[in-house]
Every structure is written in C-alpha cells, then in structure tokens.
**Q** 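Take a look at this one; I'll ask things after.
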Amino acid sequence: MARIRVVLDFPKWLVEQPVTCRLIRDYDLEVNILKAKVTPREEGRLVIEVSGKKKSLDKGMDYLKDIGIRVTPLAQDINFQEDRCTHCTYCVSLCPVGAFDVDRGIMEVTFDKEKCILCEQCVKICPYKAIRIQF
Ligand code: SF4
Ligand code: SF4
C-alpha cells in the first residue's frame with residue numbers, strides 16, 4: 001500500500017468533473033480531501049491524500065494529468081526558510097497537524113513537510129515571512 005499527498009490544479013473546464021470519484025471507482029484508490037478551493041466555472045484546487053497499490057496510484061495520477069489537471073506533490077508546495085526563522089514558536093501552537101514542532105531543550109523549531117496539509121495558517125502569522133506556500 002502506498003500513500004501520497006498531492007495538490008491538484010483544475011482548469012475551468014474540469015472543475016465540475018467528478019475526478020475523485022473516478023480515482024475511487026476506476027483505480028481502486030482511497031481519496032481523502034484535505035483542502036478544497038473549487039468554485040464553479042473558475043479554476044480550482046484540491047489537496048488530497050490518495051492511497052492504494054503503487055501501480056494503481058501511478059495510473060490514477062496519469063489519468064489526472066492526461067485530462068489536463070496539474071498534479072504537484074504536496075511537499076514541493078511549501079517552503080520553510082530556516083535562515084529567516086527566529087524560533088518564536090507562533091507557528092507551533094497554530095499548526096493543526098503538528099507539522100511545526102519545537103525542541104524545548106534548545107528552543108529550536110523544526111518542520112515536517114510530510115505532515116503539512118497546506119492550510120496556510122502559518123504562512124499568515126509568521127512575522128518573519130519564513131514560510132511560503134508556492135502555487
Ligand atoms: S512563526 Fe515563523 S519565525 Fe516563528 S517559529 Fe514559526 S517559522 Fe519561525
Ligand atoms: S500550512 Fe498549515 S498544516 Fe502546513 S505547516 Fe503551516 S499551519 Fe501546519
């Protein structure tokens with residue numbers, strides 16, 4: 001069983017297509033929607049976690065790309081600039097999934113990309129612009 005988290009960017013003409021249903025039905029995948037910004041007749045974005053057999057996952061992602069959806073691995077979309085971080089810990093208490101953590105012994109903040117669900121809360125509050133979401 002493999003699991004990936006990806007950002008899907010939909011062009012306008014695909015926004016109303018039931019692509020997640022097709023991933024489930026035709027490719028035997030489990031799909032968990034982490035975040036959705038989809039407005040009828042406008043471009044849309046979904047952040048999803050998909051799990052299933054590796055071969056099925058590859059085929060499912062190929063299907064999405066073939067119909068015109070841009071598929072970006074989630075980890076490529078967030079950028080933590082450690083050299084800007086002052087370890088103030090604002091983001092640690094705010095992050096809903098514990099992607100930011102702090103080692104209390106040395107008061108150093110760390111970031112785990114794998115946990116991030118791109119809610120963007122930390123991007124808004126970081127006083128030093130140390131976190132950027134790249135879309
Ligand atoms: S809010 Fe910004 S500066 Fe503060 S710990 Fe988080 S990333 Fe670092
Ligand atoms: S974007 Fe959201 S989930 Fe990701 S690190 Fe920031 S607060 Fe946590």
Side-chain angles (χ1 to χ4, degrees):
M1 182 77 91
R3 186 178 64 126
I4 55 170
R5 288 190 288 179
V6 290
V7 181
L8 308 183
D9 284 302
F10 294 70
K12 288 178 199 171
W13 61 91
L14 282 173
V15 162
E16 294 181 42
Q17 295 294 313
V19 295
T20 52
C21 293
R22 286 212 56 189
L23 289 177
I24 295 165
R25 190 188 62 207
D26 298 348
Y27 297 91
D28 196 24
L29 296 169
E30 284 180 27
V31 179
N32 182 18
I33 297 175
L34 303 174
K35 185 177 174 186
K37 271 190 200 169
V38 179
T39 312
R41 290 178 292 283
E42 291 180 19
E43 292 176 359
R45 169 168 294 145
L46 277 184
V47 181
I48 59 172
E49 182 175 81
V50 194
S51 51
K53 289 182 183 160
K54 174 80 173 64
K55 210 178 239 181
S56 305
L57 266 177
D58 291 343
K59 284 183 181 170
M61 294 305 109
D62 285 345
Y63 151 69
L64 295 175
K65 291 172 193 167
D66 287 347
I67 63 171
I69 293 172
R70 185 155 64 92
V71 181
T72 311
L74 190 55
Q76 288 180 12
D77 258 4
I78 190 152
N79 182 5
F80 173 43
Q81 295 178 294
E82 288 186 63
D83 55 330
R84 286 175 169 254
C85 176
T86 61
H87 306 276
C88 69
T89 74
Y90 285 161
C91 56
V92 176
S93 51
L94 189 89
C95 179
V97 292
F100 276 102
D101 199 3
V102 60
D103 180 334
R104 299 267 169 209
I106 54 174
M107 286 310 288
E108 184 174 300
V109 169
T110 56
F111 173 60
D112 183 349
K113 278 184 182 181
E114 290 299 313
K115 291 183 180 171
C116 176
I117 57 167
L118 275 184
C119 71
E120 299 182 31
Q121 293 304 310
C122 60
V123 179
K124 292 174 193 153
I125 62 95
C126 177
Y128 302 98
K129 309 276 182 236
I131 314 156
R132 294 176 187 214
I133 304 274
Q134 297 171 328
F135 289 139

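Starting from 1, each residue takes its place in the sequence as its number. Read the numbers this way: they start at 1 and go in the same order the structure lists the ligands and their atoms. On a predicted model such as this, the values are computed, not experimentally measured, just so you know.
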**Q** Hey, is Arg84 touching ligand 1 through its side chain, its backbone, both or neither, going by heavy atoms under 4.0 Å?
**A**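 The answer is neither.
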**Q** Just wondering, are more than 12 heavy atoms of other shown residues or ligands nearer than 6.0 Å to CD in Gln121?
**A**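 Atom CD in Gln121 is crowded, with more than 12 foreign heavy atoms closer than 6.0 Å.
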**Q** Measure from atom 6 (Fe) of ligand 1 to each N, O or S atom of Cys91 and report whether any distance is below 2.8 Å.
**A**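 Looking at Cys91, which is the residue asked about, there is an N, O or S atom under 2.8 Å from atom 6 (Fe) of ligand 1.
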**Q** Out of all atoms in ligand 2, which are within 4.0 Å of some heavy atom of Phe111? Include the element for each.
**A**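 Every atom of ligand 2 under 4.0 Å from some heavy atom of Phe111: 5 (S).
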**Q** Give the numbers and elements of all ligand 2 atoms closer than 4.0 Å to a heavy atom of Ala99.
**A**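 Checking each atom against Ala99, I get 5 (S).
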**Q** Between Val109 and ligand 1, which part of the residue brings a heavy atom under 4.0 Å of the ligand: side chain, backbone, both or neither?
**A**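 Val109 to ligand 1: side-chain contact only, backbone stays beyond 4.0 Å.
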**Q** Over all heavy atoms of both residues, which pair between Val123 and Ile131 is shortest? Give the atoms and the distance, please.
**A**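 Where Val123 meets Ile131 most closely, the heavy atoms are CG1-O, 3.6 Å.
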**Q** Do any of the N, O or S atoms of Cys88 sit under 2.8 Å from atom 4 (Fe) of ligand 1?
**A**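 It does; at least one qualifying atom falls short of 2.8 Å.
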**Q** State, to 0.1 Å, how close Leu46 and Ala36 come at their nearest heavy-atom pair, and which atoms those are.
**A**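 For Leu46 and Ala36, the tightest heavy-atom pair comes out as CD2-CB, 3.4 Å.
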**Q** Which atoms of ligand 2 have any heavy atom of Glu120 under 4.0 Å away?
**A**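 Counting from 1, the qualifying ligand atoms are 1 (S), 2 (Fe).
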**Q** So which heavy atom in the protein is nearest atom 7 (S) of ligand 2, and how far is it from that ligand atom?
**A**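 Protein heavy atom with the smallest distance to atom 7 (S) of ligand 2: Cys119 SG, 3.5 Å.
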**Q** Closest heavy-atom contact between Val97 and Cys116?
**A**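 Smallest interatomic distance, heavy atoms only, reads CG2-CA, 4.3 Å.
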**Q** Looking at atom 8 (Fe) of ligand 1, is one of the N, O or S atoms of Cys85 less than 2.8 Å from it?
**A**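 Coordinating: yes.
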**Q** How long is the gap from CZ on Arg70 to CG on Asp9, to the nearest 0.5 Å?
**A**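 Spacing of CZ (Arg70) from CG (Asp9) equals 4.5 Å.
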**Q** Which ligand 2 atoms, with their elements, are less than 4.0 angstrom from a heavy-atom of Cys122?
**A**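 Answer for ligand 2: 1 (S), 5 (S), 6 (Fe), 7 (S).
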**Q** Enumerate the atoms of ligand 2 whose separation from the nearest heavy atom of Phe100 is less than 4.0 angstrom.
**A**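 Those of ligand 2 that fall under 4.0 Å from Phe100 are 5 (S).
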**Q** Among Ile24, Ile4, Leu64, exactly one meets side chain to side chain contact (heavy atoms under 4.5 Å, CB included) together with Val50. Which residue is that?
**A**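 That would be Ile4.
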**Q** With atoms numbered from 1 as shown, which atoms in ligand 1 lie under 4.0 angstrom from a non-hydrogen atom of Ile131?
**A**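 Result: 7 (S).
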**Q** For atom 4 (Fe) of ligand 2, what's the nearest protein heavy-atom neighbour? Residue, atom name and distance, please.
**A**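 Going by distance alone, atom 4 (Fe) of ligand 2 is nearest to Cys116 SG, 2.4 Å.
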**Q** Could you find the nearest protein heavy atom to atom 2 (Fe) of ligand 1 and give me its residue, atom name and distance?
**A**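 Residue, atom and distance for the closest contact: Cys126 SG, 2.3 Å.
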**Q** Report the distance from atom CZ of Phe111 to atom SG of Cys85, rounding to the nearest 0.5 Å.
**A**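 One gets 11.5 Å once the value is rounded to the nearest 0.5 Å.
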**Q** Going by heavy atoms in the side chains, are Val19 and Tyr63 under 4.5 Å from each other?
**A**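 Contact flag for Val19/Tyr63 side chains = yes.
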**Q** Enumerate the atoms of ligand 1 whose separation from the nearest heavy atom of Phe80 is less than 4.0 angstrom.
**A**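 Every atom of ligand 1 under 4.0 Å from some heavy atom of Phe80: 7 (S).
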**Q** Counting heavy atoms only, which part of Thr89 comes closer than 4.0 Å to ligand 1: side chain, backbone, both or neither?
**A**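 Backbone only; the side chain of Thr89 stays clear of ligand 1.
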**Q** Considering only non-hydrogen protein atoms, determine which one is nearest to atom 3 (S) of ligand 2 and report residue, atom name and distance to 0.1 Å.
**A**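 Result for atom 3 (S) of ligand 2: Ile117 N, 3.4 Å.
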**Q** Answer with yes or no whether Val97 contacts ligand 2, where contact means a heavy atom under 4.0 Å from a ligand atom.
**A**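 Distance cut 4.0 Å: Val97 passes for ligand 2.
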**Q** How far is atom 8 (Fe) of ligand 2 from the closest protein heavy atom, and which atom is that?
**A**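 The closest heavy atom on the protein side is Cys95 SG, 2.3 Å.
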**Q** Should the heavy atoms of other residues, nucleotides or ligands under 6.0 Å from CG of Asp28 be counted, would the total exceed 12?
**A**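 Counting other residues, nucleotides and ligands, CG of Asp28 stays at 12 neighbours or fewer.
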**Q** To the nearest 0.5 Å, what is the distance between CD on Gln81 and CZ on Arg132?
**A**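 Interatomic distance, Gln81 CD to Arg132 CZ, rounded to 0.5 Å: 5.0 Å.
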**Q** Suppose I only count heavy atoms of Tyr128 and a 4.0 Å limit; which atoms of ligand 1 are within that range?
**A**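 Going through ligand 1 atom by atom, the ones under 4.0 Å from Tyr128 are 3 (S).
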**Q** Over all heavy atoms of both residues, which pair between Met1 and Ser51 is shortest? Give the atoms and the distance, please.
**A**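 Nearest pair, atom of Met1 first, then Ser51: SD-C, 4.2 Å.
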**Q** Do Thr110 and Val102 have side-chain heavy atoms sitting under 4.5 Å apart?
**A**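 SC-SC contact between Thr110 and Val102 ruled out.
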